[in-house]
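Keep in mind it's a predicted model, so treat the numbers as computed, not measured.
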Amino acid sequence: MQIQGIHHIAIICSDYERSKRFYTEVLGFKIEREVYRSERKSYKLDLSLNGLYCIELFSFPNSPKRVSMPESCGLRHIAFQVENIEAAISELNAKNVIAEAVRVDEFTGKKFTFFADPDDLPIEFYER
């Protein structure tokens with residue numbers, strides 16, 4: 001097996017329009033394709049960042065809730081690299097998104113923080 005990289009991250013949201021705005025207007029992802037699948041009563045939104053396809057945002061009716069704190073069992077979080085953590089946090093704050101206090105990775109010395117998407121899914125910004 002020769003895995004070449006991560007193809008995409010799939011996220012199921014509870015409020016499609018709210019999550020669509022968050023990932024495009026707050027985080028700056030570009031919409032590549034948006035499809036409504038009537039047989040499933042579901043939207044599928046393909047998003048890219050810097051020309052790379054990376055997130056599939058789904059809506060499904062009556063999706064069950066999931067425990068999602070960063071230390072819960074299962075997928076822990078998604079992380080995005082940023083150039084300057086303080087500038088990234090300032091941008092989030094300007095868009096009414098609150099990040100945790102900045103932490104420092106004890107092994108790399110790099111700064112990072114967590115914040116949540118509209119469904120309280122944990123997202124990390126990690127300084128380059």
Side-chain angles (χ1 to χ4, degrees):
M1 180 181 331
Q2 295 183 8
I3 295 174
Q4 298 173 338
I6 294 173
H7 185 266
H8 69 270
I9 299 161
I11 299 170
I12 298 172
C13 61
S14 64
D15 182 326
Y16 178 73
E17 291 300 326
R18 183 177 70 166
S19 291
K20 178 181 173 180
R21 279 190 305 276
F22 177 80
Y23 283 95
T24 58
E25 296 174 18
V26 174
L27 296 185
F29 285 85
K30 180 182 173 215
I31 296 172
E32 294 296 329
R33 180 177 48 211
E34 182 175 30
V35 178
Y36 182 73
R37 302 173 301 178
S38 57
E39 72 283 357
R40 299 178 85 179
K41 298 179 183 159
S42 168
Y43 278 98
K44 178 180 183 281
L45 184 66
D46 296 336
L47 300 169
S48 65
L49 184 64
N50 299 322
L52 297 174
Y53 176 81
C54 53
I55 291 182
E56 292 179 349
L57 185 65
F58 293 94
S59 68
F60 292 109
N62 305 314
S63 294
K65 297 284 182 200
R66 179 187 318 221
V67 177
S68 64
M69 300 312 295
E71 281 72 30
S72 297
C73 197
L75 181 64
R76 185 171 180 174
H77 61 268
I78 58 175
F80 300 108
Q81 182 174 297
V82 297
E83 190 67 36
N84 180 298
I85 199 81
E86 285 82 9
I89 290 171
S90 291
E91 268 192 66
L92 288 174
N93 291 341
K95 296 174 180 177
N96 297 314
V97 177
I98 305 302
E100 293 181 357
V102 173
R103 301 187 225 174
V104 176
D105 186 308
E106 63 185 284
F107 299 107
T108 67
K110 302 288 184 172
K111 297 178 197 173
F112 65 98
T113 188
F114 284 95
F115 58 97
D117 86 345
D119 284 304
D120 208 27
L121 297 174
I123 299 174
E124 178 183 5
F125 275 174
Y126 194 92
E127 194 170 74
R128 188 173 156 183

Distance from [X] atom [atom1] to [Y] atom [atom2], nearest 0.5 Å?
X	Y	atom1	atom2	value
I85	S90	CD1	OG	10.5 Å
L49	E32	CG	CD	10.5 Å
L121	F115	CG	CZ	11.0 Å
F58	R40	CZ	CZ	7.5 Å

With a 4.5 Å cut-off on side-chain heavy atoms, are [Y] and [X] touching?
X	Y	result
I11	D117	yes
C13	L57	yes
C54	H8	no
N93	I98	yes
D46	Y53	yes
F114	I123	no
E34	K44	no
Y23	I55	yes

- Task: Mind checking ring-ring contact (aromatic ring centres under 6.0 Å, His included) for F22 and listing every partner two or more places apart, or none if nothing turns up?
- Result: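 Per chain and number, F22 pairs via ring-ring contact (aromatic ring centres under 6.0 Å, His included) with no residue.
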Parallel, tilted or perpendicular: which one describes the rings of F112 and Y126, with boundaries at 30° and 60°?
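It falls in the parallel class, under 30°.
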Report whether [X] and [Y] are members of the same hydrophobic cluster (ILVMFWY, side-chain heavy atoms less than 4.5 Å apart, transitive linking).
X	Y	result
I89	V97	yes
Y43	I9	yes
V102	F80	yes
V26	V82	yes
I12	L47	no

Chi angles and distances behind the side chain to side chain contact (heavy atoms under 4.5 Å, CB included) call for E91, F125:
CA-CA 12 Å; E91 268 192 66; F125 275 174; over 6 Å; no
| Taking it one step at a time, do K111 and E86 satisfy salt bridge (charged side-chain N to carboxylate O under 4.0 Å, His left out)? | CA-CA 9 Å; K111 297 178 197 173; E86 285 82 9; 3.1 Å; yes
Problem - Partners passing side-chain hydrogen bond (donor to acceptor under 3.5 Å, both in side chains) against E39 (at least two apart in sequence or in another chain) - result: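 Here no residue qualifies.
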**Request:** Check the surroundings of atom CZ in R18: do more than 12 heavy atoms from other residues, nucleotides or ligands lie under 6.0 Å from it?
**Result:** yes
- Item | Flag if over 12 foreign heavy atoms under 6.0 Å of NZ, K41 |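 No.
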Handout entry: Main-chain N/O of E25 paired with K95 side-chain donor or acceptor, under 3.5 Å
Key =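 Checking the backbone N and O of E25 against the side chain of K95, a donor-acceptor pair under 3.5 Å is found.
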Side-chain donor or acceptor of S42 paired with backbone N/O of S59 under 3.5 Å
yes
message = Pair L45, K20 - check side chain to side chain contact (heavy atoms under 4.5 Å, CB included), show working.
response = CA-CA 8 Å; L45 184 66; K20 178 181 173 180; 3.7 Å; yes
| query | Can we say E127 and K110 salt-bridge, meaning some charged N sits less than 4.0 Å from an Asp/Glu carboxylate O? | reply | no
Worksheet entry | side-chain hydrogen bond (donor to acceptor under 3.5 Å, both in side chains) between T113 and E100, worked out | CA-CA 6 Å; T113 188; E100 293 181 357; 5.4 Å; no
